[in-house]
Amino acid sequence: MAANILDWTDSWFEKLDSESKADNAGSIAARFSGEVAEGRLPFCSMPFMSELLHDLAGLEDYVKSFDHMLLLGIGGSALGARALQKAFFPQQDQPCHKGPWLWIADNVCAGTLDAYLEKLPLEKTLVAVVSKSGGTIETISQYFLVRSRMQEVLGDSWNRNTIFITDKNKGFLREQADQLDIRTLEVPDNLGGRYSVLSAVGLLPAMFMGIDYRAMVEGASAVLSPLASRDLNADILRRHPSFRLACWGASLMDEGFNELIFFSYVPQWACFGQWFAQLWAESLGKEGKGSQPIPATGATDQHSVNQMFLDGPRNKACLFLTCPDLPEGKEFPSDIPANFAYLKGKKFGELIHAEGLGTKMALSANNVPLVEIKVGSENEEAAGRLMGLLMAATIFTGWIMDINPIDQPAVEMGKLLAKARLGASGLENEKKSLNNFLNTKRAEQPF
Ligand code: PA5
């Protein structure tokens with residue numbers, strides 16, 4: 001199997017003095033080992049994995065007996081599943097697909113939810129409600145409506161078609177599961193949503209789609225096990241690709257590169273860009289620090305945002321995803337006009353490699369520090385390695401920046417204001433701010 005490679009040639013690693021960020025590698029290695037031992041980094045040590053793989057194997061026949069899975073979740077409870085769906089289950093977006101179908105309801109869109117409720121054959125649908133906290137309003141509000149409809153259609157047996165992925169002990173979904181006898185899988189302690197793709201959160205939908213989720217786990221643990229090992233020390237950490245990425249990412253921020261493009265020239269892996277964007281932004285946007293992740297898709301975005309990448313503000317760096325092993329596609333016919341004659345005898349798949357090379361060179365020529373992530377194959381094992389690499393790199397970047405990459409305190413304010421607006425009890429300060437806001441004369445202009 002071809003190896004995954006990080007190509008640092010165009011990264012400016014030396015010019016940015018990224019190496020200096022590794023000065024504290026000894027204390028970071030000690031901290032990492034300590035947190036692994038205390039169970040605070042389960043995305044890396046995966047202490048839950050053997051039990052989960054066992055449980056998933058036991059559930060396989062049941063899960064695959066459904067034609068549809070309707071996943072209710074948001075943020076880290078949905079983005080991993082969508083990335084896996086787009087990467088490894090593209091047939092659902094292609095003509096003549098005959099099932100199974102995964103539907104991911106990760107927004108507050110009444111039109112979409114109505115369509116699911118009206119059109120899905122609920123007797124053949126497994127509803128997977130995914131929420132670590134068990135209380136996220138976007139997810140739980142959808143659950144209430146789906147539950148009512150399921151009760152109407154399926155009667156008392158509605159819970160047979162329902163599974164929760166949530167905390168083992170806490171939260172509203174856990175209470176519901178206990179009261180209503182609903183099957184559950186756990187989100188382990190200390191596993192935040194954006195680090196949870198390789199738990200039941202991502203693996204259950206992966207199994208439903210027939211994705212080789214075990215290979216994905218193996219790929220991730222190949223990258224992460226040296227970090228989870230008791231032998232971790234400064235030297236091992238300094239050489240680890242995730243730590244090098246973190247040193248690079250943090251030194252870029254110091255030099256004013258406050259945007260980080262995730263440019264995928266593996267078209268079906270483009271949604272890993274959205275997954276990475278949430279991971280990076282929610283983990284690192286703290287205390288006025290961080291860099292804004294920008295997911296982009298080659299070749300599509302060459303005709304969209306690439307002009308800005310190349311000639312807009314010089315504040316951008318790039319993670320550039322490629323794979324030499326993409327499908328070759330059909331050969332061009334011979335009856336093509338002279339001005340396209342260079343395509344003759346070539347296959348359609350050659351175009352994406354040529355365009356990727358061209359874009360990568362153009363970005364470098366325009367002073368965009370760039371690390372190329374070459375995945376050896378477009379398969380699950382390689383994807384597991386990629387996700388493991390990026391999750392670890394994000395943690396290390398946060399630690400080098402001296403912020404907490406696990407929490408997301410700033411997003412609370414908007415959530416509380418929305419609840420106050422809907423009349424939730426308490427929240428007196430939020431209600432006061434809302435009144436002030438709503439009573440302020442707006443500067444409005446019709447158009
Ligand atoms: O990464 C995170 O922690 C968040 O994006 C959560 O995944 C998101 O807020 C959903 O939370 P929950 O899984 O508790 O419903």
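Start at 1 and go down the list; that is how both ligands and their atoms are numbered. The structure displayed is predicted, hence computed values, not measured ones.
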Nearest-neighbour protein heavy atom for [atom], which is reported as residue plus atom name and distance:
atom	answer
atom 13 (O) of ligand 1	Ser77 OG, 2.7 Å
atom 9 (O) of ligand 1	Lys415 NZ, 4.3 Å
atom 5 (O) of ligand 1	Gln278 NE2, 2.6 Å
atom 2 (C) of ligand 1	Glu282 OE1, 3.2 Å
atom 6 (C) of ligand 1	Gly76 N, 3.9 Å
atom 11 (O) of ligand 1	Thr136 OG1, 3.5 Å

Are Arg442 and Phe437 in a cation-pi contact, defined as NZ or CZ under 6.0 Å from the six-membered ring centre and within 45° of the axis? yes

Does the structure place the NZ or CZ of Arg183 under 6.0 Å from the centre of the six-membered ring of Tyr62, at an angle of no more than 45° from the ring's axis? yes

Begin from the C-alpha positions of Asp254 and Lys21 and carry the test salt bridge (Lys or Arg N to Asp or Glu O under 4.0 Å) through to its verdict. CA-CA 11 Å; Asp254 287 354; Lys21 296 288 178 193; 2.4 Å; yes

Run down the list Gly193, Gly171, Gly73 and name the one with the heavy atom closest to atom 3 (O) of ligand 1.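 It is Gly193 that holds the nearest heavy atom.
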
Aromatic plane relationship, Phe263 with Tyr265 - under 30° parallel, 30 to 60° tilted, over 60° perpendicular: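 Tilted: the ring planes of Tyr265 and Phe263 meet at 30° to 60°.
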
Nearest heavy-atom neighbours spanning Gly76 and Gln278: N-NE2, 3.2 Å

Ligand 1 contact by Gln408, heavy-atom criterion under 4.0 angstrom: yes

Does ligand 1 have an atom that lies less than 4.0 angstrom from a heavy atom of Ile74? yes

I'd like to know whether Phe66 forms a ring pair (Phe, Tyr, Trp, His ring centres under 6.0 Å) with Phe208, so could you lay out the CA-CA distance, the side-chain angles of the two residues, the decisive distance to 0.1 Å, and finally the verdict. CA-CA 9 Å; Phe66 293 95; Phe208 174 72; 8.0 Å; no

Are Tyr116 and His68 close enough, and set up right, to give a ring pair (Phe, Tyr, Trp, His ring centres under 6.0 Å), and what steps lead you there? CA-CA 11 Å; Tyr116 291 146; His68 299 266; 9.6 Å; no

Should Val130 be counted as touching ligand 1, given the test is an N or O pair under 3.5 Å?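 N/O-N/O distance under 3.5 Å: no.
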
Return yes or no for this condition: an N or O of Arg194 is under 3.5 Å from an N or O of ligand 1.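 Yes, Arg194 has an N/O under 3.5 Å of an N/O on ligand 1.
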
Any atoms of ligand 1 less than 4.0 Å from a non-hydrogen atom of Ser131? List them with their elements. 12 (P), 13 (O), 14 (O), 15 (O)

Does the pair Glu218/Arg214 count as a salt bridge with the N-to-O cut at 4.0 Å? no

